[in-house]
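Both backbone and side-chain heavy atoms feed into the values below; hydrogens, waters and symmetry mates do not. Keep in mind that this is a model prediction, so the values were computed, not measured. One-based numbering, in listed order, for ligands and for the atoms of each.
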Amino acid sequence: MTQEQILITGAGGQLGRVLTLKLQETYGINHIIASDLRPNTSFNGIFEVLDATDFDALQTIVQNYKITQIYHLAAILSASGEKAPLNTWDINMKTLFNVLEVSRIHKVKKVFFPSSIAVFGDNVQRTNTPQSTNLKPSTVYGMSKAAGENWANYYFEKYGLDVRSIRYPGVIGYQSLPGGGTTDYAVDIYHKAVKNEPFECFLSASTKLPMIYMEDAIRATIEVMQAPSENMTIRTSYNIAGTNFNPEQITTSIRKIYPEFQVSYNPDFRQDIAETWPMSIDDTEAQKDWNWKPQYALEDITTDMIKHLKRKYTIENIDL
Ligand code: AKB
């Protein structure tokens with residue numbers, strides 16, 4: 001077996017930070033090249049400053065490190081994206097094209113492209129949203145992910161580039177903070193609870209969305225990348241389910257530990273986005289093709305989040 005050399009773009013993001021550590025653990029610290037727009041002086045391992053819109057800079061890294069796999073996580077998310085639609089489209093698409101083209105030219109063996117539940121719009125069945133349905137995204141972020149899925153499939157069909165992808169629900173984790181998403185409230189709420197501060201929610205109490213715990217999200221990413229090629233029947237992107245809940249349900253769950261926790265509701269433009277997204281996901285294909293099964297339900301997430309955040313804030317005295 002050849003030794004993998006893995007490049008991660010967007011390694012400083014919510015998912016990137018945790019995935020980088022997991023890949024270092026799996027493949028060895030000297031075989032993981034983390035990259036992001038901004039330098040990271042405290043990073044333990046190999047780090048490159050990379051603007052993935054710069055084809056030459058990306059190509060140089062791929063050549064210098066003889067990269068065999070790329071996890072392309074850099075992207076602008078749904079809520080931030082709506083503030084600058086054209087710029088979001090340019091960045092999300094340009095970085096993907098660069099990754100696909102550099103991978104094709106330099107024969108990178110596998111590419112991971114994260115898609116999202118944002119590819120769906122309000123035209124589809126919102127409960128147990130099926131894998132194959134008409135995609136009519138409501139945000140530029142969702143449009144870039146829907147287009148990206150088709151480009152992933154195109155590079156596979158036309159050039160044999162082994163691109164793998166999953167449609168992430170909102171990701172919840174204690175290790176890192178999300179930035180610019182519609183599902184971010186479900187992370188922020190735990191931080192407020194542990195700090196004994198009131199929380200103002202930008203979604204209404206009954207807005208149910210698909211969510212996934214970081215541990216499950218990372219495991220899904222590794223599992224889809226390691227699945228035998230012949231098992232992969234979906235070359236756009238796999239639906240994956242974790243759990244699903246609304247702000248009222250997460251509040252109830254947190255109040256079992258912090259009974260005095262105060263939550264108020266002040267829905268903003270993110271409410272309109274959330275109302276076009278699925279409430280739950282049918283992931284039958286991921287179950288069949290690579291045995292996908294989530295392990296964390298809402299109560300497990302609450303227990304684990306609070307345990308770790310308490311340690312961070314009170315014992316380690318770390319502000320994320
Ligand atoms: C967002 O809210 O934009 C992301 C996503 C669901 O893709 N967390």
Side-chain angles (χ1 to χ4, degrees), residues 9-10 12-19 71-85 87-89 91-93 95-96 112-122 124 126 129 135-149 152 165-191 201-204 207-214 216-218 220-221 224 236-247 250 267-281 283 294 301 305:
T9 72
Q14 185 201 12
L15 201 67
R17 285 175 61 172
V18 189
L19 184 64
Y71 288 72
H72 173 47
L73 304 184
I76 299 180
L77 298 188
S78 58
S80 297
E82 291 310 284
K83 293 176 185 154
N87 190 43
T88 299
W89 176 262
I91 290 177
N92 287 3
M93 297 313 295
T95 56
L96 175 62
F112 179 75
F113 165 66
S115 187
S116 161
I117 54 163
V119 295
F120 299 111
D122 61 4
V124 302
R126 292 184 62 216
T129 303
L135 301 183
K136 189 168 78 68
S138 63
T139 59
V140 177
Y141 168 68
M143 283 159 57
S144 72
K145 291 298 180 187
E149 290 186 3
S165 178
I166 51 187
R167 292 172 174 157
Y168 288 108
V171 178
I172 302 172
Y174 58 86
Q175 303 93 329
S176 50
L177 288 171
T182 304
T183 57
D184 294 7
Y185 92 87
V187 178
D188 298 341
I189 194 169
Y190 287 109
H191 286 260
C201 187
F202 58 72
L203 297 182
S204 71
T207 309
K208 184 176 269 193
L209 288 171
M211 300 281 182
I212 190 166
Y213 199 43
M214 182 66 84
D216 276 341
I218 297 293
T221 309
V224 78
T236 49
S237 188
Y238 279 95
N239 273 12
I240 58 161
T243 182
N244 56 79
F245 52 78
N246 64 33
I250 193 173
D268 64 17
F269 71 100
R270 289 167 282 195
Q271 179 69 32
D272 299 334
I273 298 176
E275 280 173 15
T276 68
W277 284 2
M279 293 189 275
S280 58
I281 294 289
D283 63 3
I301 296 175
M305 281 294 283

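Atom CD1 of residue Ile166 and atom CD1 of residue Ile117 lie 12.5 Å apart, to the nearest 0.5 angstrom. In this structure, the separation between CE on Met214 and CG on Leu19 is 9.0 Å, given to the nearest 0.5 Å.
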Could you tell me, for ligand 1, which of its N or O atoms are under 3.5 Å from any protein N or O, listing the pairs and their distances rounded to 0.1 Å?
| unit_1 | atom_1 | unit_2 | atom_2 | d |
| --- | --- | --- | --- | --- |
| ligand 1 | 2 (O) | Ser78 | OG | 3.4 |
| ligand 1 | 2 (O) | Thr182 | N | 2.7 |
| ligand 1 | 2 (O) | Thr183 | N | 3.1 |
| ligand 1 | 2 (O) | Thr183 | OG1 | 3.3 |
| ligand 1 | 3 (O) | Ser78 | N | 3.2 |
| ligand 1 | 3 (O) | Ser78 | OG | 2.5 |
| ligand 1 | 7 (O) | Ser116 | OG | 2.7 |
| ligand 1 | 7 (O) | Tyr141 | OH | 2.7 |
| ligand 1 | 8 (N) | Thr183 | OG1 | 2.9 |

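Evaluation of the side chain to side chain contact (heavy atoms under 4.5 Å, CB included) rule for Leu77 yields Tyr141 as partners, not counting sequence neighbours. Tyr213 meets the ring pair (Phe, Tyr, Trp, His ring centres under 6.0 Å) test with Tyr296; sequence neighbours excluded.
Side chain of Asp283 to backbone of Tyr238: no donor-acceptor contact under 3.5 angstrom is found.
Residue pairs that meet the salt bridge (charged side-chain N to carboxylate O under 4.0 Å, His left out) test with at least one member in residues 267-276, sequence neighbours left out, are Asp268-Arg270.
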